[in-house]
Participant: 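Here it is, the structure, as structure tokens.
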Amino acid sequence: MQSNKQQPHGMRIVSGPGAAAHTGAENAGSHDEPLDAAPKATENDRTAAAGPPQSVAPESGNDAQSHPDTDSVLDTEQDPVATTDSDDVEAQEPDSTLSTPTLGQVLVAVEELWPASLAESWDTVGPVVGRPERPIKRIMFAVDPTLEVVADAVARGTDLLITHHPLLLRPVNSVAATSFKGEAIHLLIESGCALVTAHTNADSAIGGVSDVLADIFGLTDTQPLAPSKDGLPEEGIGRVGMLPEPLQLHEFASRVFSAMPAVAGGVRVAGERTGIVRKVAVCGGAGDSLFDAVRASEADVYVTADLRHHPASEAREAALNGTPYLIDVSHFASEWLWLPTGAEALKNVLHDLGHDVEIGVSAINTDPWDFILTP
């Protein structure tokens, strides 16, 4: 029996009054450095606003050395406003020229970063609950709008919860509090906490989920696996790119494993351990619908989540010279990695628009599996 799933609870502060974004090991343990504002995103360049992807994750049993920022995940006993007593960092006074945005103004920034037009036709993105005129002082990012995540956000005085996965993807006839989704909606509304979804629009956008994965894995010259019909050439579902140097499959799989937050399922690999990997395709979340695009890209390996038996088996049967190899990761883990980058990008755009808001990332592990049995 094996279990490496950790469940740290709380909120990692990305930036806000007296707290700054973490960009790597050099910032670990320090929370009050000023945030460097990125250029305002435009129709032709949303890359700048997205900010640098970060390979940080909830406290993990995978590879402690690969996650220098895990110490910045706050415990539930702590207030989400991070502080520091470091003598090396000069305290920063809040910028009095910045104002508190309304939900409507935050939604303008969200649309600038992750346009709704990039969402897949079956998806539901954008605001779920919340009044546009309500002031937003504190924002939390999370993968899933579970009751635990919602309750934690409310307990921390969050004004806006932004989740990757929709709460109401399919039509419903009731939001009575007798169901877990109804209870979540009641809790949000009664507590004055808005909810916004950034799903496949955040997958497709520049600096989105798959871009972050590609950056963490060290890919260069990346292109979308499935380009967006309504976006820029760089936008679309999935990414494919090159490694700077070839790696054996087991070496690359270890790199993937080390980047992921700890979950019960770990990482599954299909392919020859010593097979050579040069070209890599990635897709955050469930990606078995992209096998045709992966084959067309001539990728040596495909990293995605939720690979089902039959599509994976057929992909292996159709493999040419053994490729593409497959690396199956946790759906939650593959998308959690985007949250700090998304939070920092939103902070940057709001700053450019003249607003100041505290933004953090939920550290609650919403992967549904708790432990795994192995031989």
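Position 1 is the first residue of the sequence, and the numbers go up from there. Worth saying up front: this structure is predicted, and the values here are computed from it rather than measured.
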Participant: Apply the test side-chain contact (heavy atoms from CB on, under 4.5 Å) to residues E251 and I276: give CA-CA distance (whole Å), side-chain angles for both, the deciding distance (0.1 Å), then the verdict.
Facilitator: CA-CA 10 Å; E251 295 173 325; I276 300 301; over 6 Å; no
Participant: Taking atom CD as the centre, does E133 end up with more than 12 heavy-atom neighbours from other residues, nucleotides or ligands that are less than 6.0 angstrom away?
Facilitator: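 Counting neighbours around CD of E133, more than 12 heavy atoms of other residues, nucleotides or ligands fall under 6.0 Å, so yes.
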Participant: Testing I359, I139, D352 one by one against K347 for a side-chain contact (heavy atoms from CB on, under 4.5 Å), which residue passes?
Facilitator: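 Exactly one candidate clears the test, I359.
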Participant: Would you mind reporting whether R278 and L243 have side-chain heavy atoms less than 4.5 Å apart?
Facilitator: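 When only atoms from C-beta onward are counted, R278 and L243 do not touch, as no gap falls below 4.5 Å.
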Participant: Can you list the residues that meet the side-chain hydrogen bond (donor to acceptor under 3.5 Å, both in side chains) rule with T274, with sequence neighbours excluded?
Facilitator: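 Checked T274 against side-chain hydrogen bond (donor to acceptor under 3.5 Å, both in side chains); matches are E272.
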Participant: Rounded to the nearest 0.5 Å, what's the gap from CH2 on W338 to CG on D215? Could you check?
Facilitator: 15.5 Å
Participant: Between the side chains of D203 and H164, is a donor N or O closer than 3.5 angstrom to an acceptor N or O?
Facilitator: yes
Participant: Is it the case that one hydrophobic cluster holds both I136 and L346, taking links as side-chain heavy atoms less than 4.5 Å apart, direct or via other members?
Facilitator: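 Result: yes, single cluster for both.
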Participant: For V303 and R255, run side-chain contact (heavy atoms from CB on, under 4.5 Å): C-alpha distance rounded to whole Å, both residues' side-chain angles, the deciding distance at 0.1 Å, then the answer.
Facilitator: CA-CA 12 Å; V303 183; R255 177 179 295 185; over 6 Å; no
Participant: Could I get the full list of side-chain hydrogen bond (donor to acceptor under 3.5 Å, both in side chains) partners for R268, not counting sequence neighbours?
Facilitator: D328
Participant: Look at R239 together with D211 and state whether they make a salt bridge at an N to O cut-off of under 4.0 Å.
Facilitator: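 Yes, charged N to carboxylate O under 4.0 Å.
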Participant: Locate the shortest heavy-atom distance separating A299 from V240; write the atom from each residue and the value.
Facilitator: CB-CG2, 4.4 Å
Participant: Of V143, L195, L339, which meets side-chain contact (heavy atoms from CB on, under 4.5 Å) against T163?
Facilitator: L195
Participant: Does any N or O in the side chain of T323 come within less than 3.5 Å of the main-chain N or O of L320, such that one atom is a donor and the other an acceptor?
Facilitator: yes
Participant: Which residues end up grouped with F180 if you chain together Ile, Leu, Val, Met, Phe, Trp and Tyr wherever their side-chain heavy atoms are less than 4.5 Å apart?
Facilitator: L147
Participant: For V108, is there any backbone N or O sitting under 3.5 Å from a side-chain donor or acceptor partner on E111?
Facilitator: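 Checked: no pair found.
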Participant: For the side chain of S254 and the backbone of H250, is there at least one donor-acceptor N/O pair under 3.5 Å apart?
Facilitator: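 Yes: the side chain of S254 pairs with the backbone of H250.
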Participant: Evaluate side-chain contact (heavy atoms from CB on, under 4.5 Å) for M140 paired with V361, printing each intermediate quantity in order.
Facilitator: CA-CA 5 Å; M140 179 188 282; V361 171; over 6 Å; no
Participant: Could you list the residues that satisfy side-chain hydrogen bond (donor to acceptor under 3.5 Å, both in side chains) with Q223, not counting sequence neighbours?
Facilitator: none
Participant: Is any side-chain heavy atom of T102 closer than 4.5 Å to one of P135?
Facilitator: no
Participant: For residues 306-325, pull every pair meeting salt bridge (Lys or Arg N to Asp or Glu O under 4.0 Å), keeping only residues two or more places apart or in separate chains.
Facilitator: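 As it turns out, the salt bridge (Lys or Arg N to Asp or Glu O under 4.0 Å) pairs with a partner in residues 306-325, which skip direct neighbours, are D288-R308.
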Participant: Per the side-chain contact (heavy atoms from CB on, under 4.5 Å) rule, which among I185, L168, V196 passes with V129?
Facilitator: I185
Participant: Measure the shortest side-chain to side-chain distance between I237 and P224 over non-hydrogen atoms and say whether it is less than 4.5 angstrom.
Facilitator: no
Participant: Taking only residues two or more places apart in sequence, or in another chain, which ones meet D123 in a salt bridge (Lys or Arg N to Asp or Glu O under 4.0 Å)?
Facilitator: none
Participant: Assess whether side-chain contact (heavy atoms from CB on, under 4.5 Å) is satisfied between V282 and T304, documenting all intermediate values.
Facilitator: CA-CA 6 Å; V282 302; T304 190; over 6 Å; no
Participant: Check the hydrophobic clustering (I, L, V, M, F, W, Y; side-chain heavy atoms under 4.5 Å; chains of links allowed) and say if W114 and V357 are grouped together.
Facilitator: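 Same cluster.
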Participant: Provide the full list of ring-ring contact (aromatic ring centres under 6.0 Å, His included) pairs with a residue in residues 264-291, sequence neighbours left out, each pair given once.
Facilitator: F291-Y302
Participant: Please give me the minimum heavy-atom distance between F141 and A343, naming the atom from each residue.
Facilitator: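 Minimum heavy-atom separation between F141 and A343: CE1-CA, 3.6 Å.
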Participant: For the CD atom on E298, are there more than 12 heavy atoms of other groups (residues, nucleotides or ligands in this structure) within a distance under 6.0 Å?
Facilitator: no
Participant: If only atom types and distance count, is the side chain of D356 paired as donor or acceptor with the main-chain N or O of K137 below 3.5 Å?
Facilitator: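 Pair absent, no side-chain N/O of D356 close to backbone of K137.
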Participant: Which heavy atom in I372 sits nearest to a heavy atom in A264, and how many Å separate them?
Facilitator: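 Residues I372 and A264, closest heavy atoms: CG2-O, 3.1 Å.
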Participant: For V263 versus A333, what's the shortest heavy-atom pair and its separation?
Facilitator: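 Result for this residue pair: CG1-CB, 4.3 Å.
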Participant: Could you state the interatomic distance from CD (E335) to CG (D144), rounded to the nearest 0.5 Å?
Facilitator: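 CG of D144 is found 8.0 Å from CD of E335.
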Participant: Please check if the side chain of S297 supplies one atom and the backbone of V294 the other of a donor-acceptor pair under 3.5 Å.
Facilitator: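 Checking the backbone N and O of V294 against the side chain of S297, a donor-acceptor pair under 3.5 Å is found.
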Participant: Report yes or no: do V267 and L247 belong to one cluster of Ile/Leu/Val/Met/Phe/Trp/Tyr joined by side chain heavy-atom distances under 4.5 Å?
Facilitator: yes
Participant: Taking E120's backbone N and O only, do any of them form a donor-acceptor pair with T200's side chain (distance below 3.5 Å, no angle check)?
Facilitator: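 Judged by distance alone, yes, a pair lies under 3.5 Å.
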Participant: To the nearest 0.5 Å, what is the distance between CG (L161) and SG (C193)?
Facilitator: 5.5 Å
Participant: Rounded at 0.5 Å granularity, tell me how far CZ in R138 sits from OG1 in T158.
Facilitator: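 One finds 6.5 Å between CZ of R138 and OG1 of T158.
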Participant: Measure across A270 and L249 and return the closest heavy-atom pair with its distance rounded to 0.1 Å.
Facilitator: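 Shortest heavy-atom contact: O-CD2, 4.2 Å.
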Participant: Return the set of residues passing ring-ring contact (aromatic ring centres under 6.0 Å, His included) with H331 (not counting sequence neighbours), or none when no residue passes.
Facilitator: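 H331: ring-ring contact (aromatic ring centres under 6.0 Å, His included) contacts with H165.
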Participant: Using 0.5 Å steps for rounding, measure from the OG atom of S258 to the CD1 atom of I216.
Facilitator: 12.0 Å
Participant: With sequence neighbours excluded, tell me which residues meet ring-ring contact (aromatic ring centres under 6.0 Å, His included) with F252.
Facilitator: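 ring-ring contact (aromatic ring centres under 6.0 Å, His included) list for F252, sorted by chain: F217.
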Participant: List for me each residue that meets side-chain hydrogen bond (donor to acceptor under 3.5 Å, both in side chains) alongside R295, sequence neighbours excluded, and say none if there are none.
Facilitator: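 With neighbours one apart ignored, the set is D292.
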Participant: For residues V256 and F332: do they belong to one hydrophobic cluster (side chain heavy atoms under 4.5 Å, members Ile, Leu, Val, Met, Phe, Trp, Tyr)?
Facilitator: yes
Participant: Using the salt bridge (Lys or Arg N to Asp or Glu O under 4.0 Å) rule, collect all pairs that involve residues 167-192, keeping only residues at least two apart or in two chains.
Facilitator: none
Participant: Would you compute the distance between atom CD of E235 and atom CG of L232 and round it to the nearest 0.5 angstrom?
Facilitator: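 Between atom CD of E235 and atom CG of L232 there are 4.0 Å.
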Participant: Give a yes-or-no answer on whether the side chains of S117 and D230 include a donor-acceptor pair shorter than 3.5 Å.
Facilitator: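 Judged by distance alone, the side chains do not pair up.
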Participant: Looking only at atom types and distance, does a side-chain atom of D152 sit under 3.5 Å from a main-chain N or O of V150, one as donor and one as acceptor?
Facilitator: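 No; judged by distance alone, with no hydrogens or angles, the pair does not exist.
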Participant: Do you know which two heavy atoms are closest between S334 and G285, and how far apart they sit?
Facilitator: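 Minimum heavy-atom contact is OG-N, 3.0 Å.
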Participant: Name all residues meeting the ring-ring contact (aromatic ring centres under 6.0 Å, His included) criterion together with H355; count only those two or more places apart in sequence or in a different chain, and write none if there are none.
Facilitator: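 Per chain and number, H355 pairs via ring-ring contact (aromatic ring centres under 6.0 Å, His included) with no residue.
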Participant: Is the closest side-chain heavy-atom distance between S330 and D367 below 4.5 Å?
Facilitator: yes
Participant: Would you say L353 and I162 are hydrophobically clustered, going by side-chain heavy atoms of ILVMFWY under 4.5 Å?
Facilitator: yes
